[in-house]
Number of protein chains: 2
Amino acid sequence: MSGLAREDYLADIYRLQCENPHDPVSTGSVADRRGVTAASATAMFKRLARDHLIVYRNYGGVSLTPEGQDLALGVLRRHRLVERFLADVLHIPWQQVDTYADQMEHALPDEVVDRMEVLLENPYTCPHGYPIPDKHGHFAQPDLILLRDLSVGEQVRVARVNERVPGLLRYVEDLGLMPGSLLRVSARNPVDLNVTIETEGRAHILGLRVSEAIWVERLESRG
Amino acid sequence: MSGLAREDYLADIYRLQCENPHDPVSTGSVADRRGVTAASATAMFKRLARDHLIVYRNYGGVSLTPEGQDLALGVLRRHRLVERFLADVLHIPWQQVDTYADQMEHALPDEVVDRMEVLLENPYTCPHGYPIPDKHGHFAQPDLILLRDLSVGEQVRVARVNERVPGLLRYVEDLGLMPGSLLRVSARNPVDLNVTIETEGRAHILGLRVSEAIWVERLESRG
DNA sequence: CAAGCGTTTTAGACACGCTTAAAACTCTTT
DNA sequence: AAAGAGTTTTAAGCGTGTCTAAAACGCTTG
Ligand SMILES: [Mn+2]
Ligand SMILES: [Mn+2]
Ligand SMILES: [Mn+2]
Ligand SMILES: [Mn+2]
């Protein structure tokens, strides 16, 4: 009936577009993300383009049409609301909810999603800090900075942790750096790009792989 | 990945087997239930038989293997637990939960199902009164009688309402005959087989279509 | 500017799940 | 026992979604 794989492709194209807003999304990047061959991605692109969900030029990558973006945002909405539900209501560890939500997101009727949203009291973000689109596709776009790009002395709040970096969620949890945590940058090493932070009185040295997977929000931005 | 349609076939074969435990399940009955052609059912039977989930003899119907029954019971468990969840937690009307659960039942990881069961405090039945298998496939099998087969004067509790009779759930709700309701048979018409019942002080005349879709439980069965 | 390399598309194949139309079978009825 | 009716299976075809292997493309480099 409803496209199963289609939805994942659309959502992944949207995610890749966000990560690199300037150029179009390449066949290879989608294939990598989806874990399929480039040939499979090409075949899917043709079907999606035929149905006016993406614009596809041979050898030129893809971009979402307004209609395709609506569908993609619907998938992200379901994905992130389900993640919230799994974490907050069923108490499933946040390391696992992305995988489960990826399975469930395609099988949730709108009414179920909308009622979950009410039950959860209209959350703004998923447990990892990514915004949840409302039923019209609108969502908050706060000013976030990568932890990597902070200067020494800055005091910030963790806003978002990339859920697809292997092992990162567990590591972040151990360090007490979940979304909402406060931290201060106490040092930066200009050679290896390590960042030293303090949180709850403890200091940690974070490598680049970590500091470029965590987004933060400046405190007291009035001034 | 995991068979989508396969699961529905297995669960429907199980349901049909329960409704008519003596003879094997015919191709046509499965096709009707599933809303597909007999040719489609035959093709699916071959795949299921190839994978040792059913026993299939040409022109001789099908029956579940132990392995196939395990899978079928898993689907029923997910289906009925989700129905409970939708009704009790999300407050979705019981008329709709079967349709929604039919969609969701194939996309629920075991851990999600198990945690839902805990959240719901291990319910015995779905909102329509059908038993929920536990994670080993075991479930209560209470002694139920069709409302159709009651004698005048019997006092019973509604236990189960067939969720797939069009319009029945709404009708039953209007009459106050949801599972748990008490009623007494005050008359039976031997010609048209109508049954007159009393519940909460009001009398209703039920036709055969209704009385053979409602199961009840005798009260004070010690005697 | 031609060679080479990495990326992308095409070609051919396969499993699933569905369809319609025709053939085969079973069961009842004369 | 033969006919007929109803059921079931087979045959052929289609869309989805995946694969491998080969061809086409595009960009960088000598
Ligand atoms: Mn998904
Ligand atoms: Mn998330
Ligand atoms: Mn189903
Ligand atoms: Mn039910």
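Computed from heavy atoms alone, side chains included, the values below leave out hydrogens, waters and symmetry copies. Bear in mind the structure is a predicted one, so any value in this text is a computation, not a measurement. The chains referred to below are lettered A, B, ... by the order of the sequence lines, with proteins before strands, and numbering in each begins at 1.
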* Once you round it to whole Å, what is the distance between P of dC18(C) and CG of Asp32(B)? -> 14 Å
* To do: Answer yes or no: is there a side-chain heavy-atom contact under 4.5 Å between Asp149(A) and Glu212(A)?
  => no
* Asked: Across the strands shown, which category fits Ala39(A) at heavy-atom distances under 4.0 angstrom: base, sugar-phosphate, nothing?
  -> base
* Asked: Base, sugar-phosphate alone, or nothing: which one does Ala43(A) contact when heavy atoms must sit under 4.0 Å apart?
  -> base
* **Check ion pair Arg15(B)-Glu19(B) (N to O, under 4.0 angstrom)** => no
* Verify the contact: side-chain N or O of Ser40(A) to OP1 or OP2 of dG17(D), cut-off strictly under 4.0 Å; return yes or no. => no
* Asked: Can a side chain N or O of Arg57(A) be found less than 4.0 Å away from OP1 or OP2 on dG26(D)?
  -> no
* **Residue mapping more 5' on DNA chain C - nearest nucleotide basis, Ala38(B) or Arg50(B)** => Arg50(B)
* Phosphate oxygens OP1/OP2 of dT9(C): is one of them under 4.0 Å from a side-chain N or O of Tyr56(A)? -> yes
* Once you round it to whole Å, what is the distance between C1' of dT8(C) and OH of Tyr59(A)? -> 5 Å
* Does a side-chain N or O from Lys46(B) land closer than 4.0 Å to OP1 or OP2 of dT10(D), or not? -> yes
* Between dC19(D), dT19(C), dT16(D), which one does the side chain of Thr37(A) approach most closely? -> dC19(D)
* So, is Asn58(A) close to the dG26(D) phosphate, meaning a side-chain N or O under 4.0 Å from OP1 or OP2? -> no
* To the nearest angstrom, how far is His106(B) atom NE2 from dC16(C) atom P? -> 17 Å
* Asked: Can you tell me if the side-chain N/O atoms of Thr42(B) get under 4.0 Å from OP1 or OP2 in dT9(D)?
  -> yes
* Step through it carefully: locate the ring centre of Tyr56(B), locate the ring centre of Tyr9(B), and say whether they are under 6.0 Å apart. => no
* With respect to the phosphate group of dT7(C), does any side-chain polar atom (N or O) of Thr27(A) fall under 4.0 Å of OP1 or OP2? -> no
* To do: Check whether any side-chain nitrogen or oxygen of Arg47(B) sits under 4.0 Å from OP1 or OP2 of dA15(C), and answer yes or no.
  => no
* Once you round it to whole Å, what is the distance between P of dG17(D) and CG of Leu4(B)? -> 11 Å
* Rounded off to whole Å, could you give me the CG-to-P distance for the Leu53(A) and dT16(D) pair? => 12 Å
* Does a side-chain N-to-carboxylate-O contact under 4.0 Å join Asp114(B) and Arg77(B)? -> yes
* Take atom CG of Asp23(B) and atom P of dC27(C), then tell me their distance rounded to the nearest Å. => 12 Å
* When the nearest nucleotide of DNA chain D is assigned to Met44(A) and to Ser29(B) on a heavy-atom basis, which residue is associated with the more 5' position? -> Ser29(B)
* Asked: Below 4.0 angstrom, N of the basic side chain to O of the carboxylate: do Arg47(A) and Asp51(A) qualify?
  -> no
* Side-chain touch Leu193(B)/Arg148(B), heavy atoms, less than 4.5 angstrom -> no
* Asked: Quick one: is dG17(D) close enough that its OP1 or OP2 comes under 4.0 Å of any side-chain N or O from Tyr9(A)?
  -> no
* **Between dG17(D) (P) and Phe45(A) (CZ): distance, integer Å** => 13 Å
